[in-house]
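Working notes, structure below.
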Amino acid sequence: MSQKTALITGITGQDGSYLAELLLKEGYRVVGMTRRSSTDVHERIAHIVDEIEFVSGDLLDQSSITAIVSAVRPDEIYNLAAQSFVPTSWTQPVLTGEFTALGVTRVLEAVRSVNPKIKFYQASSSEMFGKVQETPQRETTPFYPRSPYGVAKIYGHWITINYRESYDVFAVSGILFNHESARRGKEFVTRKISDGVARIKLGLQQELRLGNLDAQRDWGFAGDYVRAMWLMLQQPRPDDYVVATGRTHSVRDFVRLAFAAADLDWERYVVVDPRFYRPAEVDVLVGDASKAYRELGWEPEVSFERLVETMVLADLDRLRPFAPA
Ligand code: NAP
Ligand code: F7E
């Protein structure tokens, strides 16, 4: 069988790095789309950078995307690029819509015009459920977004389904619940906590300021979740899937376990700071991934407890060289 080619938008992000690793292992030619930057943004993929081909493009620019799809001739496209930080979606709502919503149409337009046989994966999100209408949330649960990010992701979800139904494109929407790792951006709460715990343990920071400790999320490991993305494109028919662990924990639970992993008492260091509250909050999310279990044969391998501990230990290792003597 000839080698398959995958094009990944957002390859420099957390998920892009794990997906690139997986696809290389599966024998793919991996091409990553990156946007022009004056600094090196390849930190998360530094270990595999020689095995990946890079093309320069931007979700804002239709001509660059169409030219890339035309030149690369991928069998599969994973559209992971987005403005993905929820608070920024309130301060930059229009840009978030351009990247996270219309960006999806731009990639789909490139697929439609170059070769509608290309398989397409859209990175949809549990943020679409927002103020939840049903618990646990599944593929059929109605959406009620609580941020411009959530609203933009719903557009991306429906335009993906629309291109499947209008043009017969093999287009799937993966509704993924929060997934984390040592490669998570430091502004997201889990990594902010693991980084903060490590800094406090090593004497580099005195306190950790956080927002709403009562929010609850269904947190899994990013390495497990990219496997579900790939499996979705290997199915006989395109469909949409919820990917989640089925367990939910509060930010406070994460904090408690993370400080305990470094033998620290969280209550001595955590300060609740209303600056980190959101204009509208998603209080509690928990997913029902039974369709993915059944049809994709997918299940998560890393538990919440192991995830928290791994993230703290990784930040301790990374920061130890900077600790005062
Ligand atoms: P991430 O770490 O924030 O990575 C986002 C990626 O998008 C980066 O590679 C970034 O490039 C790229 N990007 C942003 N704007 C772009 C533009 N205009 N043109 C081209 N590239 C652009 O996000 P992630 O956690 O890996 O998530 C991947 C995708 O899954 C996102 O679409 C996110 O919304 C979605 N999602 C994530 C989760 C989760 O829990 N992680 C859950 C559900 C859905 P730079 O490096 O240049 O900034
Ligand atoms: O917040 C609370 C905050 O920013 C989680 C993105 O990948 O997952 C992510 O979105 C919760 C919220 O992730 C702080 O209020 C408390 O309730 O880590 P987060 P998110 O908003 O759930 C979804 C699935 C995506 O698709 C997104 O792209 O934690 N929280 N204190 C805090 N959050 C942050 N960031 N910082 C705090 O200090």
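What you see below is based on every heavy atom in this structure, not just the backbone, and it leaves out hydrogens, waters and symmetry mates. Indexing begins at 1, ligand by ligand and atom by atom, following the structure's order. Residue numbers start at 1 and run along the sequence shown.
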Thinking salt bridges, do R106 and E98 make one under a 4.0 Å N-O criterion?
yes
Could you check atom 21 (N) of ligand 1 against the protein and tell me its nearest heavy-atom contact, residue, atom and distance included?
A81 CB, 3.5 Å
Which one holds for F85 and ligand 1: side chain close, backbone close, both close, or neither close, with close meaning a heavy atom under 4.0 Å?
neither
re atom 42 (C) of ligand 1, the protein heavy-atom contact at minimum distance is H179 CE1, 3.3 Å
Of all the heavy atoms in L80, does at least one lie under 4.0 Å from an atom in ligand 1?
yes
State plainly whether the residues R112 and E109 are in salt-bridge range, i.e. N to O under 4.0 Å.
yes
Considering only non-hydrogen protein atoms, determine which one is nearest to atom 30 (O) of ligand 1 and report residue, atom name and distance to 0.1 Å.
A123 CB, 3.4 Å
Have S194 and D315 got a donor and an acceptor in their side chains that come within less than 3.5 Å?
yes
Under-4.0 Å salt bridge between D253 and R247
no
Considering only heavy atoms, does K153 approach ligand 1 within less than 4.0 Å through its side chain, its backbone, both, or neither?
side chain
Check whether more than 12 heavy atoms from other residues, nucleotides or ligands sit under 6.0 Å from atom CD of Q3, and answer yes or no.
yes
Identity and separation of the nearest protein heavy atom to atom 3 (O) of ligand 1:
S84 OG, 2.7 Å
Does E281 offer a backbone N or O that forms a donor-acceptor pair with the side chain of R146 under 3.5 Å?
yes
Note: ligand 1 atoms sitting under 4.0 Å from heavy atoms of R184 are 25 (O), 39 (C), 40 (O), 41 (N)
Can you list the residues that meet the side chain to side chain donor-acceptor pair (under 3.5 Å) rule with D218, with sequence neighbours excluded?
T245
Which of the numbered atoms in ligand 1 are under 4.0 angstrom from any heavy atom belonging to F99?
15 (N), 18 (N)
Atom CG of D168: over 12 foreign heavy atoms under 6.0 Å
no
Ranked by distance from atom 43 (C) of ligand 1, the top protein heavy atom is L176 O, 3.2 Å
For the 3.5 Å polar cut-off, considering only N or O atoms, please tell me whether S126 and ligand 1 meet it.
no
Give a yes or no on whether R268 atom CZ has more than 12 heavy-atom contacts from other residues, nucleotides or ligands under 6.0 Å away.
no
At a 4.0 angstrom heavy-atom cut-off, what protein residues surround ligand 2?
S84, F85, V86, S125, S126, E127, Y149, N178, R184, E187, F188, V189, K192, L210, G211, N212, A215, R217, V251, F276, R278, E281
Looking only at the side chains, is there a donor atom on one of S89 and T96 sitting less than 3.5 Å from an acceptor on the other?
no
Ignoring angles and geometry beyond distance, decide whether S124 reaches within less than 3.5 Å of ligand 1 through its nitrogen or oxygen atoms.
no
Does the N or O separation between E180 and ligand 1 drop below 3.5 Å for any pair?
no
With sequence neighbours left out, what residues match E53 under side chain to side chain donor-acceptor pair (under 3.5 Å)?
R29
Out of T12, N178, I65, the nearest non-hydrogen contact to atom 46 (O) of ligand 1 is supplied by T12
Of the side chain and backbone of A222, name the one, both, or neither that has a heavy atom under 4.0 Å from an atom of ligand 1.
neither
Ion pair check, D75 and K119, cut-off under 4.0 Å:
no
Nearest protein heavy atom to atom 5 (C) of ligand 1, by residue and atom, and its distance?
A82 O, 3.8 Å
Under a 4.0 Å N-O cut-off, is there an ion pair linking D61 with R35?
no
Using a plain distance cutoff, I'd like to know if S125 has any nitrogen or oxygen under 3.5 Å from a nitrogen or oxygen of ligand 1.
no
Report, in ascending order of atom number, the atoms of ligand 1 lying under 4.0 Å from any heavy atom of G13.
2 (O), 4 (O), 8 (C), 9 (O), 26 (O)
Looking at ligand 1, does any of its N/O atoms fall within less than 3.5 Å of an N/O of D15?
yes
Which residue supplies the protein heavy atom nearest to atom 2 (O) of ligand 1, what is that atom called, and how far is it?
Q14 N, 3.1 Å
Please give the remaining members of the hydrophobic cluster of V286, linking ILVMFWY side chains under 4.5 Å, ordered by chain and number.
none
Test your reading of the structure: does M33 have an N or O sitting under 3.5 Å from an N or O of ligand 1?
no
For atom 6 (C) of ligand 1, what's the nearest protein heavy-atom neighbour? Residue, atom name and distance, please.
G10 CA, 3.7 Å
Any salt bridge between E139 and R294, counting N to O under 4.0 Å?
no
I'd like to know if E127 pairs up with R217 as an ion pair, taking the criterion as any Lys NZ or Arg NE/NH1/NH2 lying under 4.0 Å from an Asp or Glu carboxylate oxygen.
yes
Can you tell me if G174 has a non-hydrogen atom under 4.0 Å from ligand 1?
no
Going by atom types alone, do T66 and Q62 pair a side-chain donor with an acceptor below 3.5 Å?
yes
